[in-house]
Visitor: 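After the structure tokens below, expect a handful of questions from me.
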Amino acid sequence: MTDAGSMRARYRRILRFAARYLVQAWWFELTLPRIGLERVAARGRAVRLQRIAQRFHVLAVDLGGLMIKVGQFMSSRLDVLPPEITKELEGLQDEVPPVPFPAIRELAEAELGVPLERAYAFVDPSPLAAASLGQAHRARLSDADAQDAGMTDVVVKIQRPGIDKVVDVDLRALRRVAGWLSRVKVVADRVDMPSLVEEFAQTSLEEIEYLHEAANAERFAEMFAGDPRVGVPRVFWERSTRRVLTLEDVTAIKINDIVALEAAGIDPAEVAQQFASVMFDQLFQHGYFHADPHPGNIFVTPLVGGADSGGRAWKLTFIDFGMMGEVPDGLRRGLQKVLIAAASRDGKGLVDGIRHVGVLLPSADTAELERAMTKLFGRFGGMGFAELQEVDPREFREFAVEFADVVRTLPFQLPENFLLIIRSMGLTSGMCSALDPRFNIWDAIEPYAAQLIRDESGNILQGFGQKAMSVAGLLARLPQRLDDVVTRIEDGRLTAQSPRLERRMGRLERTGRRVISAVLFAALFIGGILLRVDDVVFGTVIMAISVLPLLHALFAGLAARSDR
């Protein structure tokens, strides 16, 4: 039901829940410490926070709508919520019952403008999947549509009836709660809650706009066009609207179904490596990525014609493009710094990268954070999931306490779009570790970091080369300009006279040529060093050639001194 009365009740229930636990937090976290009872407040904090998370879990499942999305969204906000809450919310899924098919049929027919029997040859009344915002049903296109579309089996996504009103009410309630929190100094100093809610609102509104999702699917498919590793369902636009989306049925083996993968002769460890590679490509190369790569949205599809050019007999097929993320250029550069530092186990470089991303305010004192990160890398850097499982849990607790205390003192907040990056990479790492306990995220990251280092070095060399060419061009034009000056002197058009002018101009010309030689030597020598990383022979040849301009610069200088 989405009538006005039920919507008011929903709005009040959300606010009552928020108000109750905000008052509780105010009492335990602000009032008791001020009157000297901080130990009393801290004694039951973990249990208290866990209980709040459990009750929110119940509320979210009962209300559905955006409340489940709130839990999923906030479970990634480690800068906002303590681990007792995020841990409980990590497991929150779309635990809502499906909408009865008659109501789904009514909405779909209203959107498509024709009875379902005319729109499709068949629609399965039992949902393939049910979520808080919509549900999916298998269907078949009519013969005529199938011939035009080049596909027969499809999946029809249909929104839950009245979900627009539910989303509107939920967002109004969340904005009200954010307004309350923005008046609490302790919260306002650390988190811009209204901006956080607006970020969530934008993501949620895009998810219920199915034409937007269809466009995302086509953009994603274009991005991986010709890449045999990735599959994307085609969109059947003639049966797609804002609330109904018809896609090619690409259902295959779920990526986390290890038993089915092994039965099909597919190595889960190889799937983990390929999945990580594809996700990193999206983030660091394309700057456009799937922000919700949970197991239900990724299939492993066996190839009918056998192995592809890479020797794989399968591909990764992505679905559900409602939640996508973009990486602006500035953020991508910051992430590249973070990635390079992480791969090289550089604690200080990692903190510098985090600051560049915009997570840390410029005024933040990061000395202790740098020390903690260096210590963290020194102990655990390079370890895979299986190795970490063998570490004494007490070590983790000690590091966690030290790290948490440091983080709590720093003014930071995740910038726009960064939340989706964290969510995407967190799901990727978790999935790969589930497929292969020996999966080492460092091994997956290092090839990208190495490429970024080479690219960065290339950019530096290119910039240096441009400067060198500019100087070389200026110096190359210098003799001609000096000749012009001499000509003007000989013609009597220059009144200044000096018996040493010609000698000085000669020395200047020789100096210019030596500078050109020195610049060429430096450019060739540095370029050879960089090229040796990928091609030892060619890099060595370039370094050897650099000796020629060096000799000219040196001996031209000796000759110049002998002329004085």
Side-chain angles (χ1 to χ4, degrees), residues 72-81 83 86-87 89-91 199-200 203 220 223-224 229-230 255-256 271-298 316 318 320-328 330-345 350-351 353-354 356-359 373 376-377 380-385 388 403 407 412-436 439-452:
Q72 294 174 338
F73 185 91
M74 297 301 286
S75 68
S76 299
R77 288 310 294 233
L78 303 179
D79 60 328
V80 176
L81 295 175
T86 57
K87 184 69 177 176
L89 298 181
E90 278 178 2
E199 182 181 348
F200 173 70
T203 302
F220 193 85
M223 197 167 76
F224 283 102
R229 301 174 302 165
V230 178
I255 191 172
N256 66 338
V271 173
Q273 292 292 338
Q274 201 63 253
F275 179 52
S277 176
V278 169
M279 291 304 298
F280 286 145
D281 280 351
Q282 294 172 44
L283 187 62
F284 295 110
Q285 291 186 11
H286 302 293
Y288 183 69
F289 62 95
H290 198 299
D292 196 22
H294 65 72
N297 287 340
I298 316 291
L316 294 167
F318 288 74
D320 194 350
F321 301 92
M323 189 184 295
M324 302 295 291
E326 297 213 41
V327 188
L331 180 57
R332 195 189 307 189
R333 285 192 293 272
L335 287 175
Q336 289 172 354
K337 292 178 182 291
V338 170
L339 184 65
I340 292 171
S344 57
R345 322 293 194 266
L350 183 66
V351 174
I354 292 171
H356 187 87
V357 165
V359 173
M373 293 307 299
L376 191 70
F377 276 133
F380 303 115
M383 286 189 177
F385 182 71
L388 290 173
F403 188 73
V407 169
F412 75 98
Q413 178 178 314
L414 301 184
E416 185 181 358
N417 293 325
F418 203 70
L419 167 65
L420 294 180
I421 293 172
I422 289 179
R423 174 178 175 79
S424 180
M425 290 298 102
L427 288 171
T428 298
S429 179
M431 176 58 60
C432 291
S433 296
L435 287 167
D436 178 14
F439 176 80
N440 192 327
I441 191 69
W442 304 103
D443 293 340
I445 285 176
E446 281 177 342
Y448 289 88
Q451 182 60 50
L452 287 173

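This chain uses plain numbering: 1 for the first residue, then up along the sequence. Just so you know, these numbers use all the heavy atoms, side chains as well, and skip hydrogens, waters and symmetry mates.
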Visitor: Roughly how far apart are H294 NE2 and I255 CD1, rounded to 0.5 Å?
Guide: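 Those atoms lie 12.0 Å apart.
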Visitor: Do Y288 and Q282 have side chains that approach each other closer than 4.5 Å (heavy atoms only, starting at C-beta)?
Guide: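 Sidechains of Q282 and Y288: no contact.
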Visitor: Taking the side chain from D292 and the backbone from D320, do they hold a donor-acceptor pair closer than 3.5 Å?
Guide: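 No, the answer is negative, given that no donor and acceptor are paired below the 3.5 Å cut-off.
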Visitor: Here's a test for you: under side chain to side chain contact (heavy atoms under 4.5 Å, CB included), which of T428, L316, I298 qualifies with M279?
Guide: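 Running side chain to side chain contact (heavy atoms under 4.5 Å, CB included) over T428, L316, I298 with M279 returns exactly one hit, T428.
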Visitor: Between F280 and Q285, is the side-chain contact (heavy atoms from CB on, under 4.5 Å) condition met? List the steps.
Guide: CA-CA 8 Å; F280 286 145; Q285 291 186 11; over 6 Å; no
Visitor: For the pair R229 and D281, evaluate side-chain contact (heavy atoms from CB on, under 4.5 Å) and give the outcome as yes or no after the intermediate values.
Guide: CA-CA 12 Å; R229 301 174 302 165; D281 280 351; 2.7 Å; yes
Visitor: Hey, does F224 have a side-chain heavy atom less than 4.5 Å from the side chain of H286?
Guide: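 Side-chain contact under 4.5 Å: yes.
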Visitor: Centre-to-centre under 6.0 Å for F318 and F220, is that the case here?
Guide: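 Yes, ring centres under 6.0 Å apart.
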Visitor: Please give me the minimum heavy-atom distance between F439 and A276, naming the atom from each residue.
Guide: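 It is CZ-CB, 3.9 Å.
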Visitor: Does A291 have any side-chain contact (heavy atoms from CB on, under 4.5 Å) partners at least two apart in sequence or in another chain, and if so, which?
Guide: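 side-chain contact (heavy atoms from CB on, under 4.5 Å) list for A291, sorted by chain: F289, M323, L420.
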Visitor: N256: which residues meet the side-chain contact (heavy atoms from CB on, under 4.5 Å) condition with it, sequence neighbours left out?
Guide: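 Residues passing side-chain contact (heavy atoms from CB on, under 4.5 Å) with N256: K254, P295, M431.
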Visitor: Between the main-chain N or O of S429 and the side-chain N or O of S433, is there a donor-acceptor pair closer than 3.5 Å?
Guide: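 It does hold such a pair.
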